[in-house]
Protein chains: 2
Amino acid sequence: MAVRNRSNPLALAVLICLSERPMHPYEVATTLRQRQKHESVRLNYGSLYAVVASLEKRGLIVPQATKRAGRLPERTVYRLTDAGLIEAHDWLTDLISTPVKDFTSFEAALSFLPALPPEAVVDLLRERALRLEAELVQAAALQELVTQQRLPRLFWVEEEFRTVLREAELDYVRRLAREIEGGTLEGLDWWAEIHRTGAEPVWEPPPLAAGAEAAADA
Amino acid sequence: MAVRNRSNPLALAVLICLSERPMHPYEVATTLRQRQKHESVRLNYGSLYAVVASLEKRGLIVPQATKRAGRLPERTVYRLTDAGLIEAHDWLTDLISTPVKDFTSFEAALSFLPALPPEAVVDLLRERALRLEAELVQAAALQELVTQQRLPRLFWVEEEFRTVLREAELDYVRRLAREIEGGTLEGLDWWAEIHRTGAEPVWEPPPLAAGAEAAADA
DNA sequence: TCTCGGGTACTCTGAATAGAGTACTCATCG
DNA sequence: CGATGAGTACTCTATTCAGAGTACCCGAGA
């Protein structure tokens with residue numbers, strides 16, 4: 001209970017949903033799902049209710065009424081406070097204007113590349129490329145479906161952005177595979193050697209002052 | 001204590017470090033720092049020791065010796081087991097071959113765009129573009145420094161990838177700003193209208209079946 | 001009528017984390 | 001020679017979170 005201020009973007013999603021009209025948490029969740037926002041913001045109930053409690057504690061939202069339909073669990077409807085609206089705008093402003101470092105899993109993977117033999121890596125990169133292509137095809141299909149439903153692009157920009165990133169990744173993955181295979185990746189000789197000798201697995205060499213012209217620091 | 005199997009890539013980093021030679025956790029941390037891997041894998045002590053404990057429990061690493069230097073705290077040196085090496089390779093294989101959905105904060109921001117007025121968003125996007133450019137300049141400087149130190153590209157691919165993604169993002173940010181400013185973004189009319197009327201802030205319209213030709217579902 | 005799946009609306013629990021704190025050493029500088 | 005600051009090597013704690021679980025309702029089909 002209680003969220004590190006501005007850590008979880010789900011809190012922002014809640015604030016913005018409530019800026020439309022008062023809702024109870026479950027309704028927020030279904031709204032986000034309907035609008036496909038759960039593709040961009042991690043959403044699960046455990047976090048949702050924690051986030052809502054924290055927003056209430058910070059005075060950004062207040063409970064408005066709790067209704068009971070039949071013997072279903074109580075629904076607590078929340079509404080946004082003025083402070084909440086301001087916080088939402090500030091937060092969003094900040095999120096748009098200032099890039100933050102996200103840790104992606106492929107970046108992690110890339111930083112451990114030398115742990116596998118180069119030929120294996122080429123195959124794996126090719127596999128990744130195939131999967132990325134498949135994802136792009138799927139995304140395009142979805143795109144089409146959505147335009148047919150006449151939902152303007154404005155409400156779909158995050159998906160567009162995802163596609164742009166995926167295309168850039170695909171490009172890079174292909175290029176890297178080609179460079180390893182073609183032997184043009186600097187460091188490949190050492191890399192292949194390590195795995196050929198079947199030596200104890202080494203991940204990275206000492207900063208490696210080059211072969212031909214050494215010591216040029218004077 | 002105990003890590004959801006394969007959730008935290010830091011565990012992979014530990015396995016791969018130990019595949020080089022036995023180390024104690026703190027040494028793993030400094031090694032990762034030296035090699036700049038903490039730019040790609042989230043690293044902090046709290047997680048490090050938890051992750052190490054979990055790897056031990058899973059039999060992927062074993063304590064080899066605990067030495068004490070002076071009255072400094074004990075250092076427990078761990079080494080990789082055979083199972084650990086296999087797990088490292090499997091995990092890495094998987095990470096390279098299979099894309100996973102990462103939730104980035106800019107994607108979240110984009111999905112809430114309509115909550116701010118369009119002119120404000122244009123300014124914020126321009127600001128972001130400037131910052132991205134600055135980051136790219138910095139990255140290029142670092143790149144140069146590293147090549148001068150003759151560290152082969154192989155050990156730097158993750159940084160290269162980050163640059164590729166940043167460039168793609170910059171492109172997209174600029175394009176989006178232009179399209180909003182130029183009025184060519186579909187949905188802009190509605191967006192501007194909402195914020196002009198100063199109506200209660202609304203984030204998204206009902207799926208909006210277009211103006212001219214409606215109902216085409218028969 | 002029974003029951004089965006699917007939807008509503010949360011609640012609980014056990015991990016997993018981030019980041020600060022601890023407790024010591026060693027080099028340096030006035 | 002004492003203070004200061006950087007470095008070593010963890011440990012602790014308060015959150016935070018993911019996912020499963022609970023308890024109910026409703027409609028359709030056998």
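Values reported hereafter were calculated over all heavy atoms of this structure, with side chains retained and with hydrogens, waters and symmetry mates removed. Letters go in sequence order (proteins before strands), and every chain restarts at 1.
Here the P atom of nucleotide C:dA9 and the OH atom of A:Y78 are 14 Å apart, to the nearest Å. Summarising the geometry, the separation between CD on A:E27 and P on C:dG7 is reported as 17 Å, rounded to the nearest angstrom. Here D:dA18 presents its C1' atom at 16 Å from NE2 of A:H38, a figure rounded to the nearest Å. Here the C1' atom of nucleotide D:dG19 and the CG atom of A:L48 are 14 Å apart, to the nearest Å. Rounded to whole Å, the distance from CE on A:M23 to P on C:dT8 is 14 Å. Per the geometry, CZ belonging to B:R33 stands 14 Å off C1' belonging to D:dA6, to the nearest Å. Taking atom CD of residue A:Q34 and atom C1' of nucleotide C:dG7, one finds them 13 Å apart after rounding to whole Å. Counting to the nearest Å, the P atom of D:dT11 and the NE2 atom of B:H24 are 13 Å from each other.
Scored by the ring-ring contact (aromatic ring centres under 6.0 Å, His included) test, B:F106 finds A:F161 as partners (sequence neighbours excluded). For A:R79, there are no salt bridge (Lys or Arg N to Asp or Glu O under 4.0 Å) partners, not counting sequence neighbours. Scored by the salt bridge (Lys or Arg N to Asp or Glu O under 4.0 Å) test, A:E39 finds no partners at all (sequence neighbours excluded). The ring-ring contact (aromatic ring centres under 6.0 Å, His included) check on B:Y45 picks up B:Y26, with sequence neighbours excluded.
Applying the salt bridge (charged side-chain N to carboxylate O under 4.0 Å, His left out) test to pairs two or more places apart or on separate chains, those with a residue in residues 92-101 of chain A are A:R6-A:D94, A:K101-A:E107.
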Any protein N or O atoms within reach of nucleotides 18-21 of chain C? Criterion: under 3.5 Å, listing atom names and distances.
unit_1, atom_1, unit_2, atom_2, d
C:dA18, OP2, B:N44, ND2, 2.8
C:dA18, OP2, B:S47, OG, 2.9
C:dA18, O5', B:N44, ND2, 3.4
C:dG19, O6, B:G46, N, 3.2

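At least one side-chain nitrogen or oxygen of B:Y26 sits closer than 4.0 Å to the OP1 or OP2 atom of D:dT8. Contact annotation: A:Y49 side-chain N/O to C:dT11 OP1/OP2 distance is not under 4.0 Å.
For the atom pair CD of B:Q143 and OG1 of B:T147, the computed distance is 6.5 Å after rounding to the nearest 0.5 Å.
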